[in-house]
Each structure stands twice: as C-alpha cells, then as structure tokens.
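Accompanying notes for the structure given below.
The structure displayed is predicted, hence computed values, not measured ones.
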Amino acid sequence: MGVVTAELVIHQMLGVPIGSYLATVNWHIPFIMIGGCTFLLVILAFVLLPSMPAAPQQHKATSIVSRYHILLHSLLLASGFPINSV
C-alpha cells in the first residue's frame, strides 16, 4: 500500500510540471500525450498479461437480499454490535 501511495505522489510531483511544460507549447499536447501513453500501456498489457477465462459457475448465484439476511442474523455480528443496548 505504501509503495502505491509513494508512486502516486511521485507521479503527481512529476506530472504537473511536465504537463505544464507541454501545455506551454499547446494546450492540446498534454491530452494527446496521455492518450498515446494510455494506448501503448493497453497494448502492452494485452500482449504481456495472460488470458484468464472465467470459471464456469457450478451453482446459482444468491441474491443480495439473502446475503444480507445471512449477515444480519449472524451470531458474530450480534456479539460484536449489540442492537438492543441503549
């Protein structure tokens, strides 16, 4: 988590000056550069990442109402959050 946060800070520190510099040439240039880099990263991810087909479903998916019903009637939830206490 710390590595990702540090990476975001570094990219913001570098991205603002670089984007400002490119905008001095023409305000369209930073958007074109971001679009081009994104396009290249998508192609790179498509080539390098393996294909992972979806697993076949063995059972019918439960509804969200039934999931919350199970959660609200859980003994662990009742012991951690007493509902009737004032």
Rounding to 0.5 Å, atoms CG (Leu49) and CG (Leu44) come to a distance of 8.0 Å
When rounded to the nearest 0.5 angstrom, what is the spacing between CG in Leu41 and CG in Leu48?
10.5 Å
How is the hydrophobic cluster of Phe31 composed, in terms of its other members, when Ile, Leu, Val, Met, Phe, Trp and Tyr link through side-chain heavy atoms under 4.5 Å apart, directly or indirectly?
Trp27
Restricting to non-hydrogen atoms, name the atom on Pro30 and the atom on Gly19 that form the minimum distance, rounded to 0.1 Å.
CG-O, 3.5 Å
Interatomic spacing from CD1 in Ile29 to CD1 in Ile34 - rounded to 0.5 Å:
11.5 Å
